[in-house]
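Every heavy atom of this structure was used, including side-chain atoms; hydrogens, water molecules and symmetry mates were not. None of these values were measured; they are calculated from a predicted model.
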Amino acid sequence: MAGGLLTDLYELNMAASYLRRGMTGPATFSLFARRLPAERGFLVAAGLEDCLQFLQGFSLTPDDLGYLRSDQGYGADVLRELARLRFTGEVRAVPEGRVVFAGEPLLEVTAPVAEAQLAETVLLNHMTFQTSVATKAARCVLAAAGAQVVDFAFRRTQGIEAGLAVARTSAIAGFSATSNVEAARRYGLTAAGTMAHSFIEAFPSEEEAFTAFAQDFPGKTTFLVDTYDTEQGVRTAIKVARRLAVPGPVGVRLDSGDLAALARLTRRMLDDAGLPGARIFASGGLDEWAIAELAACGAPIDAYGVGTKMGVSADAPYLDTAYKLVSYAGRPVMKLSPGKVTQPGAKQVYRGPSADLLGLRGETAPPGWQPLLVPVMRDGRRVAEPEPLRLARERCATDLAWLPAAARRLRAPEPVPVQISPQLTRLSGRLARELASNAKRSPE
C-alpha cells in the first residue's frame with residue numbers, strides 16, 4: 001500500500017513547504033501518551049507492526065499526485081519532490097507487548113523532516129487504537145485470574161480492519177483465541193466458536209439442535225444453553241453428551257442471566273452427571289469489571305468470551321497521544337504550551353527494578369537497567385523480519401507479572417513512577433529559559 005494520502009491535509013502542506021525551501025535536515029519525532037486514562041495503571045504497547053508496514057511501503061502514486069494538483073492546487077515543483085518521496089529514516093520503538101507509562105515514547109522516528117512529518121497521522125492511528133485495545137484486553141486477562149479469555153469483538157468493532165487489529169492485539173495481551181476466522185488465519189491464532197441462538201431456534205427442539213451440532217462437530221462441542229431455559233438447557237446438553245458419548249471436550253455456554261449463580265448450578269449438574277471435565281464458558285456483555293466480580297465470588301467459569309467492551313475499549317476509547325518534534329537538524333526543540341510541554345531531544349527509556357527512567361538517547365543507563373526503545377527500521381527498511389506473535393505475548397505476560405499489584409488493580413491504580421534523568425532535566429530547563437527569553441525579545 002502506497003498510502004501517501006493517508007494523512008491530514010496540514011501534514012501535506014507542511015511537507016510541501018519544507019520541500020519547497022530545501023529543508024531536508026533530520027528530524028526526530030516522539031510518539032507518546034501524555035497521560036493515562038482514568039482507571040489505567042499502565043499501557044500495553046501495540047500497533048508497531050502496522051506502522052512498519054506503512055513506512056516501508058510509503059509513496060505517492062500518480063493518482064495521488066494528480067489529486068494534489070487538481071484539487072489542492074499543488075505546483076509542479078512540489079509534486080516532483082513528492083513523487084520521489086519514500087521513507088528513508090530510522091525508527092526506534094518499544095516492542096509490542098511491553099508495558100509502558102505516560103510520557104514514555106512508544107516510538108521515535110528520525111528522518112528528513114518531510115518524511116517524518118507525513119508519517120504522523122497513520123502512526124498515531126495505529127499506535128493509539130491498538131495500544132488502547134491491548135491495554136483493555138490485558139486488564140480482562142488479569143481479571144480472569146487464570147481462566148481463558150476469548151475475543152468475541154469482531155461484529156461490533158468500528159470497522160473491518162479494526163476487528164482484525166483487535167484479534168491480534170488481544171492475543172498479544174493474553175487472549176487464548178478469537179472468533180474472527182480471517183484474523184486466526186492471518187496471524188496464526190486459534191479460532192473459537194460455538195453456536196448462536198438462531199441455530200437452536202431453527203430446529204424443532206433444543207435437543208435436536210444439540211444433537212445435530214454434536215454429530216457435526218464431535219471434537220469441539222459446546223452447547224449454548226440459555227435460549228429458552230438455562231437449567232433445562234444444561235439438562236438437555238448433559239443428555240445429548242451422554243447419549244452420543246461425545247469424544248471431544250464438552251462444554252456449555254452461559255450467555256445471560258445471573259452468571260455466577262448459573263455457573264455454580266451448572267457445575268453441580270455436570271459433576272453429578274459424571275462430566276467433571278466439561279467446561280463452562282461465559283459470555284454476554286463482559287468486561288474486566290464483570291469478570292473480576294465473577295472471579296471474586298468464586299464462580300466456576302473456565303473461559304470468558306469478551307466482545308464489544310474490549311473491542312472498542314469502551315471505558316477508555318482513546319489515548320491522549322501526541323507525535324511531537326523533539327529535534328531538527330541537530331538542534332533540540334520543545335513545546336511550551338500550557339499543559340502540553342514536551343521534553344526535548346531523542347530519548348531512551350530505561351526500566352529498573354521498581355521504576356522507569358526517561359533520559360536522552362546517548363545517556364549511560366544505570367547499572368542493571370534495561371533500555372526499552374530498540375532499533376526496528378534503518379534507512380527505511382526493517383532491521384528484521386516480522387516476529388512471531390508469541391514473542392509479543394510472552395513479553396506482555398512477563399511485564400504484567402513485573403508490575404506491582406497497585407499498578408495492576410482495576411480501581412484507583414498507581415502507575416510505576418517514571419523518573420526524568422538529570423541530563424534531560426537540565427536540557428529541558430535550559431531550552432525552556434532560552435525560548436521564553438527569545439519570545440520576549442521578538443519584535444512587536
Side-chain angles (χ1 to χ4, degrees), residues 140-152 174-179 190-310:
C140 292
V141 170
L142 291 172
Q148 289 185 316
V149 192
V150 177
D151 162 40
F152 274 14
F175 276 41
S176 62
T178 178
S179 67
T190 298
T194 56
M195 62 182 73
H197 296 104
S198 57
F199 181 84
I200 296 164
E201 293 164 346
F203 286 81
S205 70
E206 187 175 57
E207 182 174 349
E208 289 174 270
F210 285 1
T211 298
F213 196 85
Q215 289 173 335
D216 292 343
F217 302 100
K220 45 183 179 180
T221 305
T222 297
F223 302 105
L224 178 60
V225 295
D226 73 329
T227 303
Y228 305 120
D229 176 87
T230 302
E231 185 174 352
Q232 182 57 46
V234 176
R235 290 195 188 98
T236 303
I238 291 170
K239 178 181 178 181
V240 171
R242 296 176 70 178
R243 174 167 55 83
L244 296 181
V246 177
V250 175
V252 297
R253 177 178 159 209
L254 307 171
D255 193 51
S256 59
D258 184 339
L259 294 178
L262 289 171
R264 285 190 283 268
L265 172 64
T266 300
R267 185 74 269 159
R268 287 197 300 272
M269 294 173 68
L270 292 169
D271 291 349
D272 290 346
L275 297 171
R279 289 163 53 82
I280 298 175
F281 192 101
S283 60
L286 299 179
D287 60 9
E288 69 267 44
W289 310 102
I291 293 171
E293 288 182 9
L294 290 166
C297 73
I301 294 171
D302 301 290
Y304 298 91
V306 183
T308 304
K309 293 179 181 179
M310 182 276 295

Student: Please lay out, stage by stage, how Cys297 and Arg264 fare under the test side-chain contact (heavy atoms from CB on, under 4.5 Å).
Tutor: CA-CA 10 Å; Cys297 73; Arg264 285 190 283 268; 3.9 Å; yes
Student: Would the Phe199 and Phe213 ring centres measure less than 6.0 Å apart?
Tutor: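 Ring centres of Phe213 and Phe199 closer than 6.0 Å.
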Student: Mind listing the closest non-hydrogen atom pair of Ser256 and Leu262 along with its distance?
Tutor: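 Where Ser256 meets Leu262 most closely, the heavy atoms are O-CD1, 3.3 Å.
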Student: Could you go step by step and tell me if Phe175 and Thr178 meet the side-chain contact (heavy atoms from CB on, under 4.5 Å) rule?
Tutor: CA-CA 8 Å; Phe175 276 41; Thr178 178; over 6 Å; no
Student: For Ala263 versus Pro300, what's the shortest heavy-atom pair and its separation?
Tutor: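 Scanning both residues completely, I find the closest heavy atoms to be O-CG, 3.4 Å.
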Student: I'd like to check Leu244 versus Val240 (side-chain heavy atoms, cut-off strictly below 4.5 Å). Are they in contact?
Tutor: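 In short, these two side chains touch, coming nearer than 4.5 Å.
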Student: At their closest point, which heavy atom of Leu224 faces which heavy atom of Ala196, and how far apart are they?
Tutor: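 What the structure gives for the nearest pair is CD2-C, 3.6 Å.
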Student: If we only count heavy atoms from C-beta on, is the Val150 to Thr190 side-chain gap below 4.5 Å?
Tutor: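 Counting from C-beta outward, Val150 and Thr190 never come under 4.5 Å.
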Student: To the nearest 0.5 Å, what is the distance between CG on Leu275 and CE on Met269?
Tutor: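 So the CG of Leu275 and the CE of Met269 are separated by 11.0 Å.
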Student: I need the minimum non-hydrogen distance between Pro218 and Val246, along with the two atoms involved.
Tutor: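 Reported closest heavy-atom pair: O-CG1, 3.3 Å.
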Student: So which pairs with a foot in residues 280-293 pass side-chain hydrogen bond (donor to acceptor under 3.5 Å, both in side chains), sequence neighbours left out?
Tutor: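 Those involving residues 280-293 are Lys136-Glu288, Arg139-Glu288, Arg253-Ser283, Asp255-Ser283.
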Student: Do Arg268 and Asp272 meet the salt-bridge criterion of a basic N to acidic O distance under 4.0 Å?
Tutor: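 No salt bridge links Asp272 with Arg268.
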Student: Quick check for you: to the nearest 0.5 Å, what is the distance between Leu254 atom CG and Phe223 atom CZ?
Tutor: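 Answer rounded to 0.5 Å: 13.5 Å.
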Student: What distance do Asp226 atom CG and Ile200 atom CD1 have between them, rounded to the nearest 0.5 Å?
Tutor: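 Going from the CG atom of Asp226 to the CD1 atom of Ile200 covers 8.0 Å.
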Student: Would you sort out whether Glu201 and Ser198 count as a side chain to side chain donor-acceptor pair (under 3.5 Å), showing the intermediate values?
Tutor: CA-CA 5 Å; Glu201 293 164 346; Ser198 57; 5.7 Å; no
Student: What closest approach, in Å, do Gly219 and Pro249 show between heavy atoms, and which atom pair accounts for it?
Tutor: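 For Gly219 versus Pro249, the nearest heavy atoms are O-CD, 3.3 Å.
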Student: Quick test of your reading of the model: are Glu207 and Arg243 salt-bridged, counting only N-O distances below 4.0 Å?
Tutor: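 Answer for the salt bridge query: yes.
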Student: Got a second to check how far Arg235's CZ is from Gln232's CD, nearest 0.5 Å?
Tutor: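 One finds 5.5 Å between CZ of Arg235 and CD of Gln232.
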Student: Whether the side chain of Asp302 engages the backbone of Ile280 through a donor-acceptor N/O pair (distance < 3.5 Å, no angle test) should be reported.
Tutor: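 Checked: pair present.
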Student: With distance as the sole test, does Ser176 use its side chain to make a donor-acceptor pair with the main-chain N or O of Val149 at under 3.5 Å?
Tutor: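 Flag set: sc Ser176 to bb Val149 pair under 3.5 Å.
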Student: Establish, yes or no, whether a centroid distance under 6.0 Å links the rings of Phe281 and Phe152.
Tutor: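 Centroid distance Phe281-Phe152: below 6.0 Å, so yes.
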Student: Are Gln215 and Phe210 packed together at the side-chain level, in the sense that at least one heavy-atom pair is separated by less than 4.5 angstrom?
Tutor: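 Gln215 does not reach Phe210 side chain to side chain.
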Student: What pair of heavy atoms forms the shortest contact from Ala299 to Ala260, and how long is it?
Tutor: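 Reported closest heavy-atom pair: CB-CA, 4.0 Å.
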Student: Would you call Tyr228 and Glu206 a side-chain contact if the rule is heavy atoms closer than 4.5 Å?
Tutor: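 In short, these two side chains touch, coming nearer than 4.5 Å.
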Student: Side-chain contact, heavy-atom cut-off 4.5 Å: Leu270 with Val252?
Tutor: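 A side-chain contact exists here, since the closest heavy-atom pair is under 4.5 Å.
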Student: Measuring from atom CZ of Phe203 to atom OG1 of Thr211, what distance do you get when rounded to the nearest 0.5 angstrom?
Tutor: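 Phe203 CZ to Thr211 OG1: 9.0 Å, rounded to 0.5 Å.
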Student: Report yes if some heavy atom in the side chain of Leu286 is under 4.5 Å from a heavy atom in the side chain of Leu259; otherwise report no.
Tutor: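 Yes; the side chains approach each other to less than 4.5 Å.
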Student: Listed by chain and number, what are the side-chain contact (heavy atoms from CB on, under 4.5 Å) partners of Leu142, not counting sequence neighbours?
Tutor: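 Applying side-chain contact (heavy atoms from CB on, under 4.5 Å) to Leu142 gives Phe42, Leu400, Arg408.
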